[in-house]
Amino acid sequence: MSRPVRVRFAPSPTGPLHIGGVRTALFNYLFAKKNNGVFYLRIEDTDQNRFVPGAEEYIMEALEWLGIAPSETVGKNEKFGPYRQSERKPLYKQYADQLINSGNAYYAFDTAEALDSLRKQYETEGKTFIYNWSNREKLNTSLVLSKEETGKRIANSEAYVIRFKTPVNETLHLHDIIRGDINFDTNLLDDKVLFKSDGMPTYHLANIVDDHLMETSHVIRGEEWLPSMPLHILLYKAFGWEAPEFAHLPLILKPIGNGKLSKRDGDKMGFPVFPLEWKTEEGISSGYRENGFFPEAVVNFLALLGWNDGTEKELFSLEELGEVFDLNRVHKAGAKFDPEKNKWFNHQYLQKQSDESLAKSFAPIVYEKGIDVDYTTLAKIVSLIKERANFVSEFWEMSNFFFEAPTSYDEKASKNWKEDTPDLMQQLIAVLVTIEDFTSVNIETIVKDWMIQNEIGMGKVMQPFRLSLVGALKGPHLFDVVELIGKEETIKRLEKAIASL
């Protein structure tokens, strides 16, 4: 019988969460949802030299913002706690000792200088030094030293590491959910360090022990961990534990060319690679949230980076993704990051928002400029402009003429202002003054009737009219603008244009 699904996202708190890490978290979350399982977050902070204050809190906040918060983590449903590796430190030594006692690991006392010297010696001979079966019994290890000598060195606090004793002459036939069957020759593997004399485990030991104790059923992680898979499977075997199933996700590639997407690519091309803004003494790295992206748009975009449901459908809610997600439909090849497609998704989600909700987001921008406007009016303005926007931050530039009369007029558009235009605009003012019901549809009917009756060409009036109100030949339906700015302001702007142009 298969185990209940328990999957984890296990980042190191060494800085902001990269968008590739976010996608890994998302795929784990979706897999758990699809299989009625548990998605938990473990903080892998055994490398205290690389620990960055605030990074753990950043990770938690980012997952919350995206709507993919874990069911279990630090301070939340700690069924298998603690969920910080640094707080699990006492656990790992007993498991390292277990591997020593079963003959699956050994002590190595080689100094960094001695190993460096060996590497150089191998280089001069045109070879590559690998610490493995071919030389481990010629080096400074407990495989060569007596039990007494080994014990004496440890008692004298001599620095050591515990290395895994990789089996010789074996072919590992492994299966990855995404990549299928993979074979590894154990003779080509090195004897990885599992534990150091400072009492800290390496990633390999801590990861395996924690995944076992936390009953992880599937390990879904980036393809950069694929070379570690044979060691991890061998460790499960050495402990006599059932290994989880593995799935290695493809890389997120640069928009141009191959190679993993980096912060530098984002800086160069002007798009974020972090979910939230990250501040350091060196400066600020922008985030999706601060750039005006909707979390639902980010999730939808990332879900389709390296996966699809087999249809042409592109817009999925988080709930829908949880229903259809399947690891067997994750691609093996890397997925190219497309900043324009990213914006397209945000545009789609912006259109789904209510005018009232968008007005609330837009209001601070308007109020910051010292303009007092009610939410109802703001919602009407939003309804007229949102179709062309990708972000709320673009609203001001698209709608500033609703709040402020133009101070200048587009030079190219001004060519539409002919010799007879001032007279026509004066006639137009006379028509507008008489209108009682100053609504878009009524104004349009009366103005067009006037033009038809007087045989005035549409372009002769409409383009100069728009230029007078907006300052350029842009913006939504002109009579909607007229209604919203009102009769008095419309006439005032027409008079200003007649005097200026």
> Between CD of Glu314 and CZ of Phe301, what distance do you get to the nearest 0.5 Å?
11.0 Å

> Would you check if the side chain of Tyr58 reaches a backbone N or O of Leu276 as a donor-acceptor pair within less than 3.5 Å?
yes

> Could you tell me whether the side chain of Lys496 and the main chain of Pro406 form a donor-acceptor pair under 3.5 Å?
yes

> Show your reasoning for whether side-chain hydrogen bond (donor to acceptor under 3.5 Å, both in side chains) applies to Thr439 and Asn442.
CA-CA 5 Å; Thr439 55; Asn442 192 49; 5.0 Å; no

> Treating Lys254 as the side-chain partner and Gly259 as the backbone partner, does any N or O pair qualify as donor plus acceptor under 3.5 Å?
no

> For Ile256, does the CD1 atom sit with more than 12 other heavy atoms under 6.0 Å from it, leaving out its own atoms?
no

> Dump the intermediate steps for side-chain hydrogen bond (donor to acceptor under 3.5 Å, both in side chains) on Tyr83 and Asp210, then the final yes or no.
CA-CA 9 Å; Tyr83 284 75; Asp210 288 344; over 6 Å; no

> Pick one: which of Glu223, Arg221, Glu224 meets side chain to side chain donor-acceptor pair (under 3.5 Å) with His248?
Arg221

> Considering only NZ, NE, NH1 and NH2 on the basic side and carboxylate oxygens on the acidic side, decide whether Lys79 and Glu215 come within less than 4.0 Å.
no

> Can you confirm whether Lys260 is buried at NZ, in the sense that more than 12 heavy atoms of other residues, nucleotides or ligands lie under 6.0 Å from that atom?
no

> Go through the steps for Phe27 and Phe325 under the test ring-ring contact (aromatic ring centres under 6.0 Å, His included), then give the verdict.
CA-CA 8 Å; Phe27 281 17; Phe325 185 76; 5.0 Å; yes

> Return yes when atom CG of Asp423 has more than 12 non-hydrogen atoms of other residues, nucleotides or ligands closer than 6.0 Å, and no otherwise.
yes

> Where the side chain of Arg88 meets the backbone of Pro82, is there a donor-acceptor pair that is under 3.5 Å apart?
yes

> Tell me the closest heavy-atom pair linking Leu174 and Met229, and the distance in Å.
CB-CE, 3.8 Å

> Check whether Trp307 reaches the backbone of Asp326 with its side chain - one donor and one acceptor, N or O, closer than 3.5 Å.
yes

> Is it the case that atom NZ in Lys341 sees more than 12 heavy atoms from other parts of the structure closer than 6.0 Å?
yes

> Which heavy atom of Ile456 sits nearest a heavy atom of Gln427, and at what distance?
CD1-OE1, 4.4 Å

> Rounded to the nearest 0.5 Å, what separates atom CD in Glu397 from atom CD in Glu394?
8.0 Å

> Would you say that more than 12 heavy atoms from the other residues, nucleotides or ligands in this model lie under 6.0 Å from the CZ of Arg388, or not?
yes

> Only one of Leu484, Ile381, Ile485 clears side-chain contact (heavy atoms from CB on, under 4.5 Å) with Phe403; which?
Ile381

> Report yes or no: do Tyr288 and Asn342 form a side-chain donor-acceptor pair below 3.5 Å?
yes

> Will you find, in the side chains of Arg8 and Asn28, an N or O donor that is under 3.5 Å from an N or O acceptor?
no

> Tell me if the aromatic rings of Phe316 and Phe345 count as close, with their centers under 6.0 Å from one another.
no

> Apply the test side chain to side chain contact (heavy atoms under 4.5 Å, CB included) to residues Val74 and Glu87: give CA-CA distance (whole Å), side-chain angles for both, the deciding distance (0.1 Å), then the verdict.
CA-CA 11 Å; Val74 178; Glu87 293 170 13; 5.9 Å; no

> Below 4.5 Å, heavy atoms only, C-beta onward: do Phe391 and Asn291 meet side chain to side chain?
no

> Within the 4.5 Å heavy-atom criterion, are Met462 and Met451 side-chain neighbours or not?
yes

> Any idea which heavy atoms bring Pro255 and Lys336 closest together, and the distance?
O-CD, 3.4 Å

> Go through the steps for Met458 and Lys448 under the test side chain to side chain contact (heavy atoms under 4.5 Å, CB included), then give the verdict.
CA-CA 8 Å; Met458 193 78 74; Lys448 285 186 176 175; 4.2 Å; yes

> Rounded to the nearest 0.5 Å, what separates atom CG in Leu318 from atom CD in Glu296?
9.0 Å

> Is the count of non-hydrogen atoms from other residues, nucleotides or ligands lying under 6.0 Å from Glu319 atom CD greater than 12?
no

> Taking side chain to side chain donor-acceptor pair (under 3.5 Å) as the cut-off, I'd like each qualifying pair that reaches into residues 348-373, sequence neighbours left out, listed once.
Asn300-Tyr349, His347-Gln351, Gln353-Ser357, Asp355-Lys386

> Checking His232 side chain against Ala243 main chain: does a donor-acceptor pair fall under 3.5 Å?
no

> How long is the span from the CG atom in Leu91 to the NZ atom in Lys89, to the nearest 0.5 Å?
12.5 Å

> What are the two closest heavy atoms between Phe438 and Gly486, and how far apart are they?
CE2-C, 3.6 Å

> Looking only at heavy atoms, what is the nearest atom pair of Ile220 and Thr24, with distance?
O-CG2, 3.6 Å

> Would you name the heavy atoms of Tyr29 and Gly67 that are closest together and state the gap between them?
OH-O, 3.7 Å

> Decide if atom CD of Glu387 counts as having more than 12 heavy atoms of other residues, nucleotides or ligands within a radius under 6.0 Å.
no

> Could you go through Asp449 and Gln453, starting from their C-alpha distance and side-chain angles, then the distance that decides it, and tell me whether this counts as side chain to side chain contact (heavy atoms under 4.5 Å, CB included)?
CA-CA 6 Å; Asp449 282 350; Gln453 285 165 20; 4.2 Å; yes

> Return the CG to CZ distance between Leu66 and Arg289, rounded to the nearest 0.5 Å.
9.5 Å

> Mind checking the CG-CG spacing from Leu26 to Leu63? Nearest 0.5 Å is all I need.
10.0 Å

> Before giving the answer on ring-ring contact (aromatic ring centres under 6.0 Å, His included), spell out for Trp225 and Phe246 the whole-Å C-alpha distance, their side-chain angles and the decisive distance to 0.1 Å.
CA-CA 10 Å; Trp225 293 109; Phe246 285 84; over 10 Å; no

> Spell out, as yes or no, whether a donor-acceptor pair under 3.5 Å connects the side chain of Asp45 to the backbone of Gln85.
yes

> More than 12 non-hydrogen atoms from neighbouring residues, nucleotides or ligands closer than 6.0 Å to NZ on Lys487, yes or no?
yes

> Would you confirm whether Glu78, through its side chain, and Gly75, through its main-chain N or O, come within 3.5 Å as a donor-acceptor pair?
yes

> Is any side-chain heavy atom of Pro476 closer than 4.5 Å to one of Val481?
yes

> I'd like to check Val330 versus Phe31 (side-chain heavy atoms, cut-off strictly below 4.5 Å). Are they in contact?
no

> How far apart are the C-alpha atoms of Phe271 and Phe337, what are their side-chain angles, what is the distance that settles it, and do they pass the ring-ring contact (aromatic ring centres under 6.0 Å, His included) test?
CA-CA 11 Å; Phe271 61 84; Phe337 186 94; 4.7 Å; yes

> When you measure from the side chain of Asn207 to the backbone N and O of Tyr203, does any donor-acceptor pair fall under 3.5 Å?
no

> Taking Lys343 first and then Glu340, would you say they form a salt bridge - that is, a charged N and a carboxylate O separated by under 4.0 Å?
yes

> Tell me if a side-chain donor or acceptor on Asn416 pairs with a main-chain N or O of Ala413 at a distance below 3.5 Å.
yes

> As a quick check of understanding, evaluate side chain to side chain contact (heavy atoms under 4.5 Å, CB included) for Val441 and Phe479, giving each step before the final call.
CA-CA 7 Å; Val441 175; Phe479 293 99; over 6 Å; no

> Would you call Lys460-Asp420 a salt bridge at under 4.0 Å N-O?
yes

